[in-house]
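Remarks on the structure that follows.
When a ligand or atom number is given, it counts from 1 through the structure's own listing order.
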Amino acid sequence: MKKKKLVIFDTTLRDGEQCPGASMNKLEKLEIARQLALLGVDVIEAGFPVASPGDFDSVSQISREIKGVTIAGLARAVEKDIDMVAKATEKAEFSRIHVFLATSKTHRDFKLKKSKEEILEQAAKAVAYARRFCDDVEFSPEDASRTEPEFLRQVTLEVVKAGARTVNIPDTVGYAIPGQFGKLIRKVVDSIKNEDAVISVHCHNDLGLAVANSLAAVKAGARQVECTINGIGERAGNAALEEIVMAVRTRKDFFKADVGHIDAKRLLSCSRIVSNLTGLLVQRNKAIVGKNAFAHESGVHQDGLLKNVSTYEIINPTDVGWEKTNLVLGKHSGRHAFINRIEALGFRLDGEKLDHAFEEFKRLADVKKEIFDDDIISLVQGQFSEKTGLRYHLKKVKTTVETGVRPEATVELSDGNGLVKKATASGDGPIDSICQAIDKITGVSCKLLDYSVVSRTSGTDALGEVSVQIENEGRKVWGKFAGTNVVEASAQAYLNAVNKLIMYS
Ligand code: KIV
Ligand code: ZN
């Protein structure tokens, strides 16, 4: 039996961004879109253009700059939303309008207050309207898994007749169970057998079943899966792209679906980039991309592996981007070697950003003998923060820590005009003191909601990655920074977040 291509629809930039605290700026979204294109996904859902001017601009920019992949935008089933997607994606090489309308009884009765007939009519009308702008129209009956199966079948047929090329069946609230969901998908697939449309699925992870449900759907005939890097998304998240791809690839004997167009070696770097830019850490035991995914602790397992890796490994770690040794550069490495390594990792930096990253690399190489890929990824990612338009730069930070003495910090920042300002503050701990000193200079008083340090590399000179989440007048933003000096990295991460607040106020 010939394998059918499985369309990988990535919604990291839309549903993924709906994850609390995961909002990204335009540069960060553009970089993620670039990485997704390199990974080889078929569709990038770049945003929900009507949601905000920022979302509209971001979808437009991605449409202009990212080629060779379909760029989709989300729209409710109303003309205004569809107009916005059509406009935002007009410069895309390939564009898709993704229209959604809830169909379940709960949503019909309580949210929309509409009858089945009204829903059918609105869905078909919206799809037909979207087709005026674009041949590639997708329709999602929101909360499909809780919709009466017969009504779902009717909606599917109506929207296909109206011109939808893809009908996406979302398990919006993560309610589905694999066996049952597979049967539902089989019914939907059979109902449009004679039509030229793809059935897709979009599963949420409220019961931890998003990947399992998506895979049950693939087995039942779905030909598109909507997923996100690291499984980020609304509430408990969406199906994790890396898990879907590797399950279908590893068990091709079972799924008989083709994901050969995905460059799996890029899965790990995509995961790291998304984690870094969103501030959402990847759990250690996460399949495929977690730090422990290929770590073998037990003696019995290690013995088996030494005899034959297939005893305890079903995936070769290098196939998804892990390298046995990623020691690459040191203090004698030049700019050329640095650029080569950046490019090998899938990044592209030029102009001031490259100069800046190289300066930071040299500074790091002075204090750290061996520079690993992780170090380089962290350096490069620093360039996708709001650095280009930064209002404030950290010049100096000094803290005192002594048992029994209230900590104090002195911070020097330069503002956008190069003017250096200095402040001293004391707080509950050295980090609190630094944050307060920064607040004094910037005049933006922030509450530190979340603070974490994880080591990105090994050894006592490891790169510590600091993530902070701060709040000011109800707005929450993330800031990140990695460095061998975690106190300085903490100041940088906090300043990074404060600058985001300032830039977008
Ligand atoms: O979860 C959902 O139902 C969605 C739709 C808009 C596809 O995200
Ligand atoms: Zn969703």
Handout entry: Asp15 N/O under 3.5 Å from ligand 1 N/O
Key =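 Min N/O separation from ligand 1 is below 3.5 Å for Asp15.
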
Problem - His204-ligand 1 polar pair, N/O distance under 3.5 Å - result: yes

Practice task
For the pair Ser191 (side chain) and Val188 (backbone), establish whether a donor and an acceptor sit closer than 3.5 Å, ignoring hydrogens and angles.
Solution key: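 Yes, the answer is positive, given that a donor and an acceptor are paired below the 3.5 Å cut-off.
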
Handout entry: Per-atom contacts, ligand 1 versus Glu142 - under 4.0 Å to a heavy atom
Key = 3 (O)

Problem - Numbering as shown, the atoms of ligand 1 that approach Ser140 to under 4.0 Å (heavy-atom distance) - result: 7 (C)

Polar contact flag, side-chain donor to acceptor under 3.5 angstrom, [X]-[Y]:
{"X": "Gln224", "Y": "Glu226", "result": "yes"}
{"X": "Gln61", "Y": "Lys26", "result": "no"}
{"X": "Glu158", "Y": "Gln154", "result": "no"}

Practice task
Please write down residue, atom name and distance for the protein heavy atom closest to atom 4 (C) of ligand 1.
Solution key: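 Answer, as residue, atom name and distance: His202 NE2, 3.5 Å.
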
Problem - atom 5 (C) of ligand 1 [closest protein heavy-atom partner, distance rounded to 0.1 Å] - result: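 Ranking protein heavy atoms by distance from atom 5 (C) of ligand 1, first comes Arg14 NH2, 4.0 Å.
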
Problem - Distance under 6.0 Å and angle within 45° of ring axis: Arg108 vs Phe151 - result: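 Flagged: Arg108 positioned over aromatic ring of Phe151.
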
Exercise for the section: Report the part of Thr172 in contact with ligand 1, treating N, CA, C, O as backbone and CB onward as side chain, heavy atoms under 4.0 Å; options are side chain, backbone, both, neither. Expected result: both

Problem - Carboxylate-amine/guanidinium proximity below 4.0 Å for Arg96 and Glu138 - result: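 Salt bridge: yes.
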
Problem - His204: which of Asp171, Thr172, Asp15 passes side-chain hydrogen bond (donor to acceptor under 3.5 Å, both in side chains) - result: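 Checked Asp171, Thr172, Asp15 against His204; only one passes side-chain hydrogen bond (donor to acceptor under 3.5 Å, both in side chains): Asp15.
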
Practice task
May I ask you to check whether Glu234 brings an N, O or S atom to under 2.8 Å from the Zn ion (ligand 2)?
Solution key: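 No, Glu234 does not qualify, because none of its backbone or side-chain N, O or S atoms lies under 2.8 Å.
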
Practice task
Please calculate the NE2(His202)-the Zn ion (ligand 2)-NE2(His204) angle and round it to 10 degrees.
Solution key: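 An angle of 100° at the metal.
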
Completion exercise
Of all the N, O or S atoms in Asp15, the one nearest to the Zn ion (ligand 2) is OD2

